[in-house]
Amino acid sequence: MAATWQPKEEGLNEICALLEQHISPASDQSRIWQQLQHYTQFPDFNNYLAFIFARAEGKTVEIRQVAGLLLKNNLRTAYRALDPGYQQYIKSELLPCLGAPEKHIRSTVGTIISVIVQQGRISGWLELLQALVQCLDSNDLNHMEGSMDALSKICEDIPHELDSEIPGINERPIDVFLPRLLQFFQSPHPSLRKLSLGSMNQFIKLMPSALYLSMDRFLQGLFALSNDSVAEVRKLVCAAFVQLIEVRPSILEPHLRSITEFMLQANKDSDEEVALEACEYWSTYCQAELHPEFLRDLLDRLIPVLLTNMAYADDDESLLEAEEDDSLPDRDQDLKPRFHSSRLHGSDEARDDDDDSFNIWNLRKCSAASLDEISNVYGDEILPSLMPLVLAKLSTSDDATWKDREAAVLALGAIAEGCTRGLYPHLAEIVEFLIPLLDDKFPLIRSITCWTLSRFSKFIVQGIENQKGLEQFNKVLTGLLKRILDTNKRVQEAACSAFATLEEEAAGELVPHLETILQHLLCAFGRYQKRNLRIAYDAIGTLADAVGAELNRPKYLDILMPPLIAKWQQLSNSDKDLFPLLECFTSIAQALGTGFCQFAEPVFQRCVVIVQSQQLAKYDPASAGVQYDKEFVVCALDLLSGVAEGLGSMVENLVVQSRLKDLLLQCCTDDAPDVRQSAFALLGDLARVCPAYLHPSLSGFVNAAAKQLETSQLAESISVANNACWAIGELAIKVGQEISPIVMTVVSCLVLILQHAESLNRSLIENSAITLGRLAWVCPDMVSSHMEHFMQPWCIALSMIRDDVEKEDSFRGLCAIVRANPSGASGSLVHIGKAVASWNVIRSKDLHDEVCNVLHGYKQLLGDGGWEQYLSALEPGERDRLLKYQI
């Protein structure tokens, strides 16, 4: 069929006319798109596109390229369904285009070829390999460039395909191409040097044996290209070294000194992209834990380069943004995408305090990140090289040098953690110096000062213990609150984020200032534009987390709640600005506890309505009146969790009148992992405070939760399994024996998790150990018959859990199954001893007595000689801690 297919003149002209309209800016694009979609119904439409692309005489390159791009998009989804004859026809038309005289045609054919290889694999197009090799081996630049371009796209999209066995070919494709790629490193043509090196770089992380065996030649080629006249080639050389040191640092060790020296020079390259790629090397080097000496010898030369590069470039977009005051509405592009983190039981969420983390990564930010990494490895060693430069920049006062002063403040923030010890004697002086910079005339100095002060939050809060430190804390607090009400958007953002970090450190120390803080935050809330409003919500939520029940006073609630409630009433259930407000209310509900009762009913009902309408929108958006967006469901479920946690058993008055139980069961079986994650968090919170409400659907909830613990589900989402596991444990201690039908299914999953603890998330291991203990406590006879299979990994996991009520429950289970089956634990006595010794103190007297009885029982069983031998297998500290149990 490939040989006999010919385009019909009429169809060809019709499609070409449509493509001409398609590239005309004045045409009706939606109508043309509909027409093109209509043509896709014809089985040979892609043949027409291939013909136009490859050989439409008299047509412009632009029309041919559009035909090629349409062909590429069609083949991405429809290639495998095409008639094999049509597939062959398209492939036969494409190969001659590799050597096309027009660069745009060569570039487009490479893209189409890569798509076909992705869909049909190399084994389905052996002629391609032969054609690529012939073109690479020709001396014709167009043919070499076209082939190299196609090969580079295959390397980028599916590099593993070139390192696989292909039926009918003696060698792997990479064995054929790699020597030719290395040869092109020496090409006089910049395009071939760039494409060949870019292709080689795609294999570094895969590290196929062909590359590993050619490593010496590859490194020689990189050194030869390190001074290439073309900036893009030098950038790729830097990228290769960065990847190599990340993936196989041992390969570079013999050459580290010369590579590091080269990277230092490249970090000063006049081309900013080369300098940026080189700058990535320092962080990667530090993370690779290589011998520190090679870098140590260069620190006095590297640090000035980093500091110079930390100054704003003249074309940095932030310079323009910094001019905007808060009277200007945010543009759509100002609103960075926001992602709500689903509720996770047992996690310690760290705040991301990176300056400008959402903007474009550039040399300034990379240099600051590198200095941060270097300070964490070399610590105070860098201070003699860095501090004189920082102080010199800070000592300037003229307008022309403000960028240098700003870079110096950024540097102080970057080294705040790594050089704490060396800076400590001077920290009070440094903070005192920074405070006036909060009032600097340049907004970017004000904003970076906010960030740098936040990096010293721990020190600032610790200083409260003495009068001078208290005065300094008050100055910082007042200074940041003042900047929260700055007229400059950028400063508002930095101040709000810095204040949230200070709130986390200060916690209860904020209570004497609560009224002032709330007045400032709510004033900001009233004047901020959309983007910064989200950060204000976060600062209010963080304040609630920090001061907890102290917020539950009429004078504070009168400031805090009316504006939030007004905003709550103003936003519709489909407005995405609701997300940060829901998050903020979650923190407030948890902080106020039963004090949230007066606000709870409308909040609870609205959350249920949001979940209900979103569940309907998933299948029938027209009836729901909104488009489905799972983030509404996640935020609403998390706020319901916050309300349940805050109100405790009082939440039962709200839930019994709602459809929440049925909606929650739907969410526990939702397709989206983050919806399930939040659903199981809410299930666990409700199990704690109103288990009777869940009782009619107990079987459905427990089965849905147990399913998340299966090995196949773990791969998809550890966090969902974590919350499901915790929820099962909470249900178990409330419903007791009624959970017995599912106990052994859950136990078998938990045992598998504990047996593979080294490769799994610590929070999941802890929750698995706790839940296993709770199941053992409520169903000891069932669980004890299998205890020899899990006692050792279970006890290891129990040893890692901090003293709390959940650990107490686990040990009640341990004692219960030992009583039920003493011989089942006899092979794990040392592990039981270590687990018991992990307690600082067991506060519950009855549990303490139970543990005593278990240990005494085994002491009698072993006899004096056996008991002494048992104790000798424990660490001295563990033996000492067991003495508390009168053994």
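In this text the structure is predicted, and so the values were computed from the model without any measurement. In what follows, every heavy atom counts, from backbone to side chain, and hydrogens, waters and symmetry copies are set aside.
Looking at Glu145 and Ser191, their side chains do bring a donor and an acceptor atom within 3.5 Å of each other. Side-chain contact of Asn267 with Trp282: a donor-acceptor pair under 3.5 Å is present, judged by distance alone. No side-chain N or O of Asp486 forms a donor-acceptor pair with one of Gln492 less than 3.5 Å apart.
Formation of a donor-acceptor pair under 3.5 Å by the Arg364 side chain with backbone atoms of Ala311 is not found in this model. Without hydrogens or angle criteria, Arg106 side chain to His143 main chain gives no donor-acceptor distance under 3.5 Å.
Inter-residue side-chain proximity for Leu295 and Val377 is flagged as unmet; no heavy-atom pair is nearer than 4.5 Å. In this structure the side chain of Met215 reaches within 4.5 angstrom of the side chain of Leu211, judged on heavy atoms.
More than 12 non-hydrogen atoms from other residues, nucleotides or ligands lie less than 6.0 angstrom from CD of Glu758. Atom CD of Glu273 sits in a sparse spot, with 12 or fewer heavy atoms from other residues, nucleotides or ligands closer than 6.0 Å.
Ring-centre distance between Phe223 and Phe262: not below the 6.0 Å cut-off.
Sorted by first and then second residue, the ring-ring contact (aromatic ring centres under 6.0 Å, His included) pairs involving residues 172-220 (not counting sequence neighbours) form an empty list. Applying the side chain to side chain donor-acceptor pair (under 3.5 Å) definition to pairs two or more places apart or across chains, those involving residues 147-162 are Ser107-Lys153, Thr111-Lys153, Ser114-Asp157, Gln118-Asp157, Arg121-Glu161, Asp149-Lys153.
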